[in-house]
Amino acid sequence: MGEMFGFKLPLILGGDIAGTVEEVGDGVEIFKKGDAVYGMTLSSLSGAYAEYAVTKADAIAPKPESIDFEEAAAIPIGALTAWQAMFDKLPILGFVEISNKNL
């Protein structure tokens, strides 16, 4: 069934990630081994349910110290969905006019 949606099987599900950086790629200077981070997996939004996940540096952020890893992992895709609804979909549908100049 995964192949119907463009995924190769076997498929590891999950898109939200939170954890500790184990390795960084060439040219990545914003993160280092041991940093606590949260974010999303690559564009397919799969692979987060694995023990290790790979993503791009611009798809993660430093984890706030005020939340634990479980709370941090619950944020990324939900926040992206809310952002897309407010700034991409609602204005197009004519429901609201939103200015994101101060964001």
Side-chain angles (χ1 to χ4, degrees):
M1 183 164 195
E3 293 164 338
M4 289 175 31
F5 297 101
F7 296 109
K8 286 177 51 177
L9 298 175
L11 174 64
I12 300 173
L13 300 174
D16 295 302
I17 56 176
T20 304
V21 174
E22 290 292 325
E23 297 283 338
V24 295
D26 294 337
V28 176
E29 297 178 4
I30 190 168
F31 298 109
K32 64 184 181 317
K33 185 174 181 169
D35 286 348
V37 296
Y38 74 117
M40 297 182 288
T41 57
L42 298 173
S43 61
S44 65
L45 295 178
S46 62
Y49 294 173
E51 185 173 355
Y52 293 93
V54 176
T55 192
K56 295 181 180 180
D58 63 358
I60 58 174
K63 182 187 77 63
E65 292 182 15
S66 61
I67 61 176
D68 61 29
F69 285 106
E70 289 80 9
E71 293 168 326
I75 296 171
I77 293 179
L80 175 63
T81 301
W83 178 272
Q84 290 171 331
M86 291 187 312
F87 296 103
D88 296 342
K89 300 297 180 191
L90 290 178
I92 292 171
L93 297 174
F95 290 114
V96 294
E97 184 175 322
I98 298 173
S99 171
N100 61 0
K101 293 178 184 176
N102 296 324
L103 299 178

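Leu13 approaches Leu11 most closely through the heavy-atom pair CD2-CD2, 3.6 Å. Nearest heavy atom pair, residue Ile30 against residue Ala57, reads CG2-CB, 4.4 Å. Nearest heavy-atom pair across Ala53 and Gly47 is CB-O, 4.0 Å. Closest approach of Val21 and Phe31 over heavy atoms only: CG2-CB, 4.4 Å. Among all heavy-atom pairs drawn from Ala18 and Ala72, the shortest one is CB-CB, 4.0 Å.
Residues satisfying the salt bridge (Lys or Arg N to Asp or Glu O under 4.0 Å) criterion with Asp68, sequence neighbours excluded, are absent altogether.
Residue pairs meeting the side-chain hydrogen bond (donor to acceptor under 3.5 Å, both in side chains) criterion with at least one partner in residues 48-67, sequence neighbours excluded, do not occur; the list is empty. Residues in residues 9-32 take part in these side-chain hydrogen bond (donor to acceptor under 3.5 Å, both in side chains) pairs, two or more places apart or across chains: Lys32-Asp35.
To the nearest 0.5 angstrom, Ile60 atom CD1 is 11.0 Å from Tyr38 atom OH. In this structure, the separation between CD1 on Ile17 and CD1 on Ile77 is 9.5 Å, given to the nearest 0.5 Å.
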Worked verdict on Val24 versus Lys33 for side chain to side chain contact (heavy atoms under 4.5 Å, CB included)
CA-CA 7 Å; Val24 295; Lys33 185 174 181 169; over 6 Å; no
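Residues Val28 and Val37 fall within the same hydrophobic cluster, defined by Ile, Leu, Val, Met, Phe, Trp and Tyr side chains chained together at heavy-atom separations under 4.5 Å.
In terms of modelled atom types and a separation under 3.5 Å, the side chain of Ser46 and the main chain of Gly14 share no donor-acceptor contact.
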